[in-house]
Amino acid sequence: MKTSFTVNGSPFSLDIDPRVTLLDALRDHLNLTGSKKGCDHGRCGACTVLVDGRRINACLSLAVMHDGDEITTVEGLCKDGRSPLQSAFVRHDGMQCGYCTPGQLCSATAVFREIADGWPSHVSETLDGPYALTREELAERMSGNICRCSCYPGINAAILEIAEEDAGHAEAAE
Amino acid sequence: MRPFDYQRPDTLSGAHGAARDGATFIAGGTNLIDLMKLEVMAPDTLVDISRLGLDRIEPHGDGLHVGATVTNSDLAADLRIRRDYPVLARALLAGASGQLRNKATTGGNLLQRTRCPYFYDTATPCNKRRPGSGCAAFGGEMRNHAVLGTSEHCLALHPSDMAVAMRALDATVELEGADGTRRETALDDFYRLPGDRPDRETTLSAGDLITGVILPAPFGGRQTYRKVRDRASYAFALVSVAATVRMENDLISNVALAFGGIGTRPWRDHDVEDLLTGEAPTTALFEKAGDILMKDAVLREGLEFKDTLVRRLLTATLTEMTQ
């Protein structure tokens, strides 16, 4: 079945079996192997990509359902060298084996936008917003990304550092 | 995954036309695609309803009409939902992960299947998956199973948080039949008990499409959703409660309570609410409410803890809300 979508800014057209998941289309048909297949059942988050700016599990979505969508994978987060978030992961040792890292990076990128959009979480005290990315908020919002090496202290430190920098920039702009 | 035909109509009538015998509607797909990978479900045709314009939340009388393909994320973030139906926003936020909530839809959440491990394991018998084949939960491990509404054929839990809150809110499901006629079914009448046909989970007829959920006028009062689970986030409920309470002159003037984690469907017992209505809030009253809630519970081995847990949750929640 013919399907077209944009990945990291480049248009792609595929003729694929409707059974192919978005994850398999990215990895096996477009050779974008940054997105990882961990559990393949939506439990681990290693396959997290952004679709029109929102994070999803690429393993639980059919490629044919994404006709016309704009998809961003980990490869698209770093067009020129490393993104600030990726550098923070390196600085804070936010990985051991690195298999969950692409999903962590995409998920965290989406979390920044969810915070900016004023989306509440399960641990938010009120539903009114706005929300800051505290340690508790981060743990809740990133709970769909499992790290089998349990590098959470480094992952959290990296994401919080970027969140604080962004908050500082926002304040300076006001 | 078994081969299937994929169709993506752009009108409702097109969706009905594509949905022949053996077809299944797909919206977010977070549960269905998983079940298809495991070949627990193997539809001949998938009819993608994600582009039918059912993704809007609109005023409906004094309440709201939530389109069937509104995502769980968008519903939880909607300012009207947060202000007027906080129990629903809280229930949604207590479910799944950020990634899943971005795909999971309102209609799909209502129709998600149980997470009973034997339903997913095609090497074991399951009356829900293959009627008449038996139930491997009997004699197997029981934990995420129901204690109310069960039968000797099935004790699979309904896993939704969202539907529990919607039941407490007296929500109505809007359906469109294969011939295009619209009708509404109260959520109270939407789910069947398993009996001897646990494969029949709802009162939907073949070809029916959920087009939306109607929330009645805001209830006001205090609202909360409390969920107890094995880990702090991203886990199904062991027990949960959606509660809305209004007080007048220190008496409980209006109360609605629905429960997750205990029933084969999102559980609500109007006898519990009748007992509480008009009464002064006391621990003794709340404990009596727990007795009524659990009077028909069947506490099979491994599930006894739910009796204690749900009674404590009920008492703690009502104590907090009536202070």
Side-chain angles (χ1 to χ4, degrees), chain A residues 1 3 16-24 39-69 103 106-108 110-111 114 117-124 126-129 136 139-146, chain B residues 1-8 26-38 45-46 48-51 71 73-74 76-79 81-104 120 161 223 225-227 229 231-235:
Chain A
M1 181 165 181
T3 300
I16 47 171
D17 189 306
R19 286 177 289 182
V20 176
T21 62
L22 178 61
L23 177 63
D24 288 341
C39 67
D40 209 24
H41 291 283
R43 292 177 201 153
C44 76
C47 67
T48 303
V49 299
L50 309 179
V51 174
D52 299 330
R54 299 291 185 198
R55 53 183 168 155
I56 69 160
N57 301 107
C59 75
L60 286 185
S61 205
L62 300 173
V64 290
M65 293 182 76
H66 290 282
D67 197 56
D69 285 350
C106 286
S107 204
V111 167
E114 290 163 17
D117 287 348
W119 283 16
S121 87
H122 172 64
V123 299
S124 304
T126 72
L127 291 173
D128 300 340
E136 194 191 10
E140 165 60 28
R141 289 171 190 263
M142 291 292 290
S143 70
N145 291 83
I146 310 294
Chain B
M1 209 186 291
R2 307 257 181 92
F4 57 85
D5 180 33
Y6 171 81
Q7 304 214 22
R8 189 173 56 234
I26 186 166
T30 53
N31 189 206
L32 178 58
I33 293 171
D34 195 23
L35 289 163
M36 288 170 66
K37 285 183 183 183
L38 298 166
T45 303
L46 279 188
D48 182 350
I49 58 161
S50 63
R51 302 189 194 197
T71 65
S73 290
D74 285 337
D78 186 272
L79 293 173
I81 297 292
R82 289 199 246 170
R83 184 189 63 216
D84 296 331
Y85 307 93
V87 64
L88 177 56
R90 287 292 182 188
L92 287 159
L93 294 170
S97 67
Q99 289 96 315
L100 289 166
R101 290 192 295 271
N102 280 341
K103 282 301 276 179
Y120 285 74
D161 293 297
Q223 305 187 13
Y225 187 77
R226 285 184 70 170
K227 179 174 177 178
R229 42 189 161 173
R231 58 183 182 191
S233 182
Y234 196 18

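We name chains A, B, ... by the order of the sequence lines, and we start the count at 1 in each one.
- In this structure, the portion of B:R8 lying under 4.5 Å from any heavy atom of chain A is its side chain and not its backbone.
- Within the 4.5 angstrom heavy-atom criterion, only backbone atoms of A:S121 (N, CA, C, O) approach chain B.
- Closest of all the heavy-atom pairs between A:P120 and B:L93 is O-CD2, 3.5 Å.
- Taking the salt bridge (Lys or Arg N to Asp or Glu O under 4.0 Å) definition, one finds that B:K103 meets it with nothing, sequence neighbours left out.
- Heavy atoms of A:C59 lying under 4.5 Å from chain B belong to its backbone as well as its side chain.
- Heavy-atom distances place both the backbone and the side chain of B:A94 under 4.5 Å from chain A.
- Interface remark: B:L46 contributes side-chain atoms only to the contact with chain A (heavy atom separation under 4.5 Å).
- The nearest pair of heavy atoms linking A:G42 to B:L100 is O-CD1, 4.0 Å.
- Of the two parts of B:A91, neither the backbone nor the side chain holds a non-hydrogen atom closer than 4.5 Å to a non-hydrogen atom of chain A.
- Contact record, B:S233 with A:E140: OG-OE1, 2.8 Å, taken as the closest heavy-atom pair.
- With a 4.5 Å cut-off on non-hydrogen atoms, B:R2 touches chain A through its backbone but not through its side chain.
- Neither the backbone nor the side chain of B:L92 has a heavy atom closer than 4.5 Å to any heavy atom of chain A.
- Listed by chain and residue number, B:Y6, B:S50 satisfy the side-chain hydrogen bond (donor to acceptor under 3.5 Å, both in side chains) test with B:D48 (two or more places apart in sequence, or in another chain).
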